[in-house]
S.K.: 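One structure is given below, represented as structure tokens, and several questions about it will come after.
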Amino acid sequence: MNENLFASFITPTMMGLPIVMLIIMFPSMLFPSATRLINNRLVSIQQWLVRLATKQMMAIHSKKGQTWALMLMSLMMFIGSTNLLGLLPHSFTPTTQLSMNLGMAIPLWAGAVILGFRHKTKLSLAHFLPQGTPLPLIPMLVIIETISLFIQPMALAVRLTANITAGHLLIHLIGSAALALMDINMATAFITFLILVLLTVLEFAVALIQAYVFTLLVSLYLHDNT
């Protein structure tokens, strides 16, 4: 295959205009709103999963933190559906772009931190200096805690980007190897194809797990500040 290894990560365009916004809006069509008194099986399963995730994630939060439930569930559904759609052949995955993941992580992290400084100023400032710290170590610890605080959104975005990108690259490489081995040894090509199928199944799980992990970490940041 002569296709560039990173061709699937290039932002798609139509008539010279980027169509990322259309791709980002598309996953919302996969979650239809309930318009009937008795829902079908698909909508019922979706609602059951959302209620289960909401109950599990919001159990540790105060009433102020529980007001973020709708936004956190929408975030998890958006990331999960985007990751799954990205596994389709010749599709573009927006979550492989670090800029987009930073655009999701920074506002949510900043909102949680600002909420903490507004309502729990003393407790938020106490995180910068653990109790019982020796006097000579105070300046160093304050700098370290400040850096660790500002690294949190970067860690969120890089984790999601790296996991999704690595999976796509592995699928591309193993798929190329299986195609090339068909002309050399069919048995080896078949084994490589089985590995590709197993890896694809794993990537489906990773797509959902990464959506849950991203949302869970945002939820934990919110819990620390409410």
Side-chain angles (χ1 to χ4, degrees), residues 11 18-35 39 42-87 92-121 123-124 127 148-165 204-226:
T11 303
I19 57 173
V20 176
M21 291 304 299
L22 296 177
I23 298 174
I24 292 175
M25 294 168 60
F26 181 73
S28 62
M29 301 170 60
L30 302 178
F31 300 97
S33 58
T35 58
N39 298 323
L42 179 60
V43 176
S44 298
I45 292 174
Q46 288 178 354
Q47 291 179 347
W48 177 76
L49 290 174
V50 169
R51 283 196 297 267
L52 181 65
T54 305
K55 183 178 179 181
Q56 182 179 1
M57 195 171 294
M58 294 291 109
I60 61 174
H61 287 279
S62 62
K63 290 185 178 181
K64 190 178 295 295
Q66 289 176 358
T67 58
W68 285 48
L70 179 60
M71 181 165 55
L72 292 178
M73 289 304 104
S74 300
L75 176 69
M76 184 170 65
M77 293 168 65
F78 169 73
I79 297 176
S81 58
T82 303
N83 291 345
L84 290 176
L85 288 174
L87 292 174
F92 174 72
T93 313
T95 47
T96 58
Q97 306 295 313
L98 182 61
S99 57
M100 174 179 167
N101 295 335
L102 282 173
M104 292 188 296
I106 291 177
L108 293 169
W109 166 84
V113 171
I114 292 172
L115 196 65
F117 277 104
R118 180 180 179 184
H119 296 284
K120 293 185 176 181
T121 306
L123 185 61
S124 298
H127 287 301
S148 66
L149 178 65
F150 283 97
I151 281 179
Q152 287 177 353
M154 180 65 72
L156 270 178
V158 170
R159 181 186 293 106
L160 180 59
T161 304
N163 280 281
I164 302 302
T165 303
F204 273 97
V206 169
L208 298 176
I209 291 171
Q210 288 303 315
Y212 179 76
V213 169
F214 188 96
T215 311
L216 180 62
L217 290 175
V218 173
S219 174
L220 292 177
Y221 295 155
L222 177 64
H223 177 259
D224 292 338
N225 290 280
T226 54

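Model, not experiment: these values are computed from the prediction.
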S.K.: Any chance you could measure L87, atom CG, to T93, atom OG1, to the nearest 0.5 Å?
M.R.: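 So the gap between those two atoms works out to 6.5 Å.
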S.K.: Would R159 and L217 satisfy side chain to side chain contact (heavy atoms under 4.5 Å, CB included), going step by step from the backbone distance to the final call?
M.R.: CA-CA 11 Å; R159 181 186 293 106; L217 290 175; 3.0 Å; yes
S.K.: Can you measure from CD1 (I79) to CD (Q210) and round to the nearest 0.5 angstrom?
M.R.: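 Rounded to the nearest 0.5 Å, the CD1-CD separation comes to 9.5 Å.
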S.K.: Side chain to side chain contact (heavy atoms under 4.5 Å, CB included) for L108 and Y221? Distances and angles first, verdict last.
M.R.: CA-CA 9 Å; L108 293 169; Y221 295 155; over 6 Å; no
S.K.: So which heavy atom on M100 is nearest to which on T95, and how close?
M.R.: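 Heavy atoms of M100 and T95 come nearest at SD-N, 4.3 Å.
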S.K.: Answer yes or no: are there more than 12 heavy-atom neighbours, outside F150 itself, under 6.0 Å from its atom CZ?
M.R.: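 No - once you tally the heavy atoms of other residues, nucleotides and ligands closer than 6.0 Å, there are 12 at most.
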S.K.: Taking side chain to side chain contact (heavy atoms under 4.5 Å, CB included) as the test, write out the residues that go with L208, two or more places apart.
M.R.: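 By the side chain to side chain contact (heavy atoms under 4.5 Å, CB included) rule, L208 matches L84.
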S.K.: Are any non-hydrogen side-chain atoms of M57 and Y212 less than 4.5 angstrom apart?
M.R.: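 Result yes, sub-4.5 Å side-chain heavy-atom pair found.
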S.K.: Answer yes or no: is there a side-chain heavy-atom contact under 4.5 Å between L72 and F214?
M.R.: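 Side-chain contact under 4.5 Å: no.
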S.K.: Taking side chain to side chain contact (heavy atoms under 4.5 Å, CB included) as the test, write out the residues that go with L98, two or more places apart.
M.R.: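 Expected list: L102, A157, V158, T161.
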S.K.: Is any side-chain heavy atom of L160 less than 4.5 Å from a side-chain heavy atom of L156?
M.R.: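 No, their side chains stay 4.5 Å or more apart.
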S.K.: Looking at F78, is its backbone amide N or carbonyl O close enough to the side chain of S81 to form a donor-acceptor pair, meaning the two atoms are under 3.5 Å apart?
M.R.: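 Present.
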S.K.: Answer yes or no: are there more than 12 heavy-atom neighbours, outside M154 itself, under 6.0 Å from its atom CE?
M.R.: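 Not more than 12 within 6.0 Å, no.
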S.K.: Looking at every non-hydrogen atom in both residues, tell me the closest pair between P153 and A105 and how far apart they are.
M.R.: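 Heavy atoms of P153 and A105 come nearest at O-CB, 3.6 Å.
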S.K.: Looking at NE2 of H61 and NE2 of H223, how far apart are the two atoms once the value is rounded to the nearest 0.5 Å?
M.R.: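 These two atoms lie 6.5 Å from each other.
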S.K.: List the atom of N83, the atom of A207, and the distance in Å for their closest heavy-atom pair.
M.R.: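 Nearest pair, atom of N83 first, then A207: ND2-O, 3.1 Å.
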S.K.: How long is the straight-line distance from CG of L220 back to CD1 of I60, given to the nearest 0.5 Å?
M.R.: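 Between atom CD1 of I60 and atom CG of L220 there are 5.5 Å.
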S.K.: Main chain of T215, side chain of S219: is a donor-acceptor contact present, judged purely on distance under 3.5 Å?
M.R.: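 Not confirmed, S219 side chain does not pair with T215 backbone.
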S.K.: For the atom pair OG1 (T67) and NZ (K63), what is the distance rounded to the nearest 0.5 Å?
M.R.: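 Rounded to the nearest 0.5 Å, the OG1-NZ separation comes out at 12.0 Å.
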S.K.: Using side chain to side chain contact (heavy atoms under 4.5 Å, CB included) as the criterion, point out the one residue from V218, L149, I114 that pairs with W109.
M.R.: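 For W109, the side chain to side chain contact (heavy atoms under 4.5 Å, CB included) test succeeds with only one of V218, L149, I114, which is L149.
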